[in-house]
2 protein chains.
Amino acid sequence: MQRNTRQRTAILETLSRQDDFRSAQQIHEQMKADGETVGLATVYRNLQALSRSGRLDVLVAGDGESQYRQCADTGHHHHLVCRECGRTVEFLAPKLESAMTAIAHEHGFTDVDHTLEVFGLCADHTGQSVGPDEDLDDDPDDEDEGRAR
Amino acid sequence: MQRNTRQRTAILETLSRQDDFRSAQQIHEQMKADGETVGLATVYRNLQALSRSGRLDVLVAGDGESQYRQCADTGHHHHLVCRECGRTVEFLAPKLESAMTAIAHEHGFTDVDHTLEVFGLCADHTGQSVGPDEDLDDDPDDEDEGRAR
DNA sequence: AGCGACATGACAATCATTCTCACAACGGAT
DNA sequence: ATCCGTTGTGAGAATGATTGTCATGTCGCT
């Protein structure tokens with residue numbers, strides 16, 4: 001059974017004050033800066049346990065570093081993350097879900113699961129981007145359930 | 001400036017004989033087993049260079065290990081990977097692409113990019129056999145349970 | 001053949017994450 | 001409130017993939 005320890009409480013508290021995806025190391029540093037005395041291994045252990053129980057979302061960054069975030073939606077959802085500031089927006093896309101599942105079934109795959117994360121530059125960081133600003137917006141088959149934080 | 005070296009040739013040759021995603025370490029071992037003498041660092045450097053130039057696809061496994069594969073489609077596409085045997089099917093989903101881009105734009109995000117990979121059990125590992133190759137079965141039931149990780 | 005830039009290899013260095021294990025603290029029972 | 005078995009913690013070592021270093025090799029060109 002899961003016990004309630006000072007450390008676990010502190011970790012959850014720290015996470016609840018975070019809005020972006022943060023690595024275990026960053027969370028640990030943040031806590032240390034806040035005066036909390038928690039071992040790094042403990043942070044790792046708890047983040048893992050929390051994500052396993054679905055209370056936390058994990059994102060594997062390109063360099064292999066895992067990042068954690070406490071999401072508003074505890075169910076299945078995806079993220080739109082700003083490459084610059086890490087600002088995150090959760091969204092649901094039921095049509096995408098079923099479309100992917102359908103494709104998988106067409107190929108004989110079962111017990112389907114998937115990873116889908118979208119990266120981009122949020123409004124605050126759409127400065128002078130590179131190149132002639134690609135705009136690949138075509139078929140706005142709008143029906144998203146975007147839910148801003 | 002890209003020179004043709006024995007090592008690079010051997011790496012490409014090894015990759016062309018591979019159909020599944022393999023880690024740099026696995027590829028290195030495979031080559032050693034085949035009698036090739038190539039340094040591990042060289043394998044890493046070349047795999048990176050090749051993926052950067054788009055000749056190779058990279059998949060970041062859940063544990064952070066990068067896996068490489070030479071894909072038939074050199075353009076943008078996604079993968080359907082068997083969790084058991086690694087069997088991989090490439091697929092395109094233009095509708096998903098535009099839908100995701102649309103969602104991102106609705107939230108003010110630009111320069112959008114995304115990662116989308118589907119995992120499941122291929123016909124050979126689901127316990128029951130499915131049609132030969134094509135099987136347009138549409139079972140609306142989906143027991144997918146988000147397995148955060 | 002000669003040359004200079006790029007590539008390679010062996011190994012050290014990084015870095016995130018996990019393991020180890022002695023010790024501390026939770027919490028249900030007493 | 002106290003006991004006590006179980007679970008959690010902390011410090012540091014260990015692991016393992018990936019990257020950096022740098023002396024040496026060799027490719028492509030003249």
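In what follows, chains are A, B, ... by sequence order, proteins preceding strands, each numbered from 1. We use all heavy atoms of the structure for the numbers below, so side chains are in, but hydrogens, waters and symmetry mates are not.
Contacts classified as ring pair (Phe, Tyr, Trp, His ring centres under 6.0 Å) and involving residues 55-75 of chain B (residues at least two apart or in different chains) are not found. Pairs of residues two or more places apart, or lying in two chains, never qualify as salt bridge (charged side-chain N to carboxylate O under 4.0 Å, His left out) while including a residue from residues 39-54 of chain B. For the ring pair (Phe, Tyr, Trp, His ring centres under 6.0 Å) condition, the pairs that include at least one residue of residues 4-29 of chain A, sequence neighbours left out, are A:F21-A:H79.
For C:dT17, the OP1/OP2 oxygens have a side-chain nitrogen or oxygen of A:Y44 closer than 4.0 Å.
Contacts of A:D63 with the nucleic acid, taken as non-hydrogen atoms under 4.0 Å apart, are absent.
When each of A:I11 and B:S66 is assigned the nucleotide of DNA chain D bearing its nearest heavy atom, the one mapping closer to the 5' terminus is A:I11.
Within the helix from C:dA1-D:dT30 to C:dT30-D:dA1, the inter-axis angle between the opening and closing five-pair segments is 30°, rounded to 10°.
Connectivity analysis of hydrophobic side chains (ILVMFWY, heavy atoms under 4.5 Å, direct or indirect) links B:L92 to nothing; its cluster partners are none.
Rounding to whole angstrom units, CD of residue A:E65 and C1' of C:dT18 are separated by 15 Å. The CD-P distance, from B:Q48 to D:dT19, rounds to 4 Å in whole Å. Between A:L47 atom CG and C:dA16 atom C1' there is a gap of 13 Å when expressed in whole angstrom units. In this structure, B:Q67 atom CD and D:dG16 atom C1' are separated by 15 Å, rounded to whole Å. In this structure, A:L40 atom CG and D:dT9 atom P are separated by 13 Å, rounded to whole Å.
For B:D20, the side chain to side chain contact (heavy atoms under 4.5 Å, CB included) test picks out B:R22, with sequence neighbours left out. Under the salt bridge (Lys or Arg N to Asp or Glu O under 4.0 Å) criterion, A:R83 pairs with B:D111, not counting sequence neighbours. Residues passing the side chain to side chain contact (heavy atoms under 4.5 Å, CB included) test with B:T115, sequence neighbours excluded: A:E117, A:F119. Residues satisfying the ring-ring contact (aromatic ring centres under 6.0 Å, His included) criterion with A:Y44, sequence neighbours excluded, are absent altogether.
A 4.5 Å side-chain heavy-atom check between A:R69 and A:L15 finds every atom pair outside the cut-off.
Taking the charged nitrogens against the carboxylate oxygens, A:K32 and A:E36 have no contact shorter than 4.0 Å, which rules out a salt bridge.
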Spell out protein contact along nucleotides 22-30 of chain D as letters: B when the base is contacted, S when just the sugar-phosphate is, - when no protein heavy atom is under 4.0 Å; keep the 5' to 3' order.
----BBS--
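Expressed to the nearest 0.5 Å, how far OG1 of A:T42 lies from CZ of A:R6 amounts to 9.0 Å. A distance of 10.0 Å separates CD1 of B:I103 from OG of B:S98, quoted to the nearest 0.5 Å.
A heavy atom lying under 4.0 Å from DNA chain C marks the following residues of residues 14-37 of chain B, by number: B:T37.
The minimum heavy-atom distance linking B:V81 with A:F109 is given by the pair C-CE2, 3.7 Å.
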Provide a list of protein-nucleic acid N or O atom pairs under 3.5 angstrom, restricted to nucleotides 28-30 of chain C.
none

